[in-house]
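All heavy atoms count here, side chains included; hydrogens, waters and symmetry mates do not. Here is the naming used below: chain letters follow the sequence lines, and residue numbers restart at 1 for every chain.
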There are 2 protein chains.
Amino acid sequence: MIIVIEPDSDVPIYEQICNQIMEGIARGQIKPGHSLPSVRVFASDLGVNMHTVNKSYHLLEKKGIITIVPKSGAVISSPQDFNESSFNRLKDEFKPLIAESLVVGMTHQQIQNLVTSIIEDFTKNQK
Amino acid sequence: MIIVIEPDSDVPIYEQICNQIMEGIARGQIKPGHSLPSVRVFASDLGVNMHTVNKSYHLLEKKGIITIVPKSGAVISSPQDFNESSFNRLKDEFKPLIAESLVVGMTHQQIQNLVTSIIEDFTKNQK
DNA sequence: CATCTGTTCTACTTTTTCTAGAACAGAATG
DNA sequence: CATTCTGTTCTAGAAAAAGTAGAACAGATG
């Protein structure tokens, strides 16, 4: 899995790392049970600070996506069969995006098509 | 239309304003052609600084949602029949959210249902 | 035992966010 | 035409967030 950091992005580095790891899992490039690199090794690979990677890992843990074993490492969790708090958080994050889509003139169908195309992009070539 | 600012939110105030205006348009509470309050009046109503509201308005303008007439005011634009740059920006913003949804264990269908429920919430009671 | 791990701590820089006040010039209004 | 309102621009500062840096600790691992 290739992770690319854009230092000049308006998206914070720790979020970029978090997003790209989630994308890697969604694409099947990383699977539940697999371990993530240590914060030191990963930070060195990406050319960022250890604490920045650490922040990404804890964000992923908060989202319920990885489990951090203290003094050991980070492991990809199995998909939860519906965690309600995750669902509510996601709903709140989808809301402004969907409002913007509607306001910009997209129809319900066009939004659904966009969502489908993104999902299909993630799930094709599933490893 | 009622706008509520949560000062302790992790969402910046200028984004909260922007989001809630978009939601108001999506719900039909504000319509294309209508004017937004002046930055001074709005800021005073919300208890925030004029420059913060100004930043929200310029963000809305960048998104193509309002037109700012210099020295005059801000007017809700008509929905564009598909602005490609808006579409690409939205696609990039949907991506990490959908990745997270998949990783957390939602199915394609469940994601579509979530999107539909949000859209229906916006479009019901359309004024 | 030596190494690697996440954790915690302090410390500092940079950027972003938010507020504040002043001044300007065009638009709108009576 | 004069007053008021408008967004714009400028400087300025405070507060928070983001990122880097280095050190030290203790459990896990080999």
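As rounded to whole Å, 15 Å separates atom P of D:dA15 from atom CG of B:D8. Between B:I66 atom CD1 and D:dG7 atom C1' there is a gap of 11 Å when expressed in whole angstrom units. One can place CZ of A:R40 at 8 Å from C1' of C:dC4, the figure rounded to the nearest angstrom. We find that NZ of B:K71 is positioned 10 Å from P of D:dG7, with the value rounded to whole Å. Rounded to a whole Å, the CZ atom of B:F42 is 12 Å from the P atom of D:dG7. Rounded to whole angstrom, the span from the CG atom of A:L36 across to the C1' atom of C:dC4 amounts to 16 Å. Note: CD1 (B:I68) to P (D:dT9) measures 10 Å, nearest angstrom. Regarding A:I17, its CD1 atom lies at a distance of 13 Å from the P atom of D:dA18, rounded to whole Å.
Side-chain atoms of A:T52 do not come within 3.5 Å of backbone N or O of A:V48 as any donor-acceptor pair. Judged by distance alone, with hydrogens and angles left aside, the side-chain atoms of B:Q126 form a donor-acceptor pair with the main-chain N or O of B:G28 at under 3.5 Å. Checked by atom type and distance alone, the side chain of A:S44 never pairs as donor or acceptor with a backbone atom of A:R40 at under 3.5 Å. Judged by distance alone, with hydrogens and angles left aside, the side-chain atoms of B:S9 form no donor-acceptor pair with the main-chain N or O of B:E6 at under 3.5 Å. In this structure a side-chain-to-backbone donor-acceptor pair under 3.5 Å is present from B:Q110 to B:T107.
Checking the phosphate oxygens (OP1, OP2) of C:dC18, no side-chain nitrogen or oxygen of B:Y14 falls inside 4.0 Å. For B:S72 and D:dC5, the shortest distance from a side-chain N or O to OP1 or OP2 is not below 4.0 Å. For C:dT5, the OP1/OP2 oxygens have a side-chain nitrogen or oxygen of A:S38 closer than 4.0 Å. Considering only side-chain N and O atoms, A:K55 lies nowhere under 4.0 angstrom from the phosphate OP1 or OP2 of D:dG19.
Heavy-atom nearest nucleotides on DNA chain C were determined for A:H51 and for B:T52, and the one closer to the 5' end corresponds to A:H51. When each of A:G47 and A:M50 is assigned the nucleotide of DNA chain D with its nearest heavy atom, A:G47 is the one assigned upstream, toward the 5' end.
Counting only heavy atoms from C-beta on, B:N49 has its side chain closest to C:dT19 among D:dA18, C:dT19, C:dT17.
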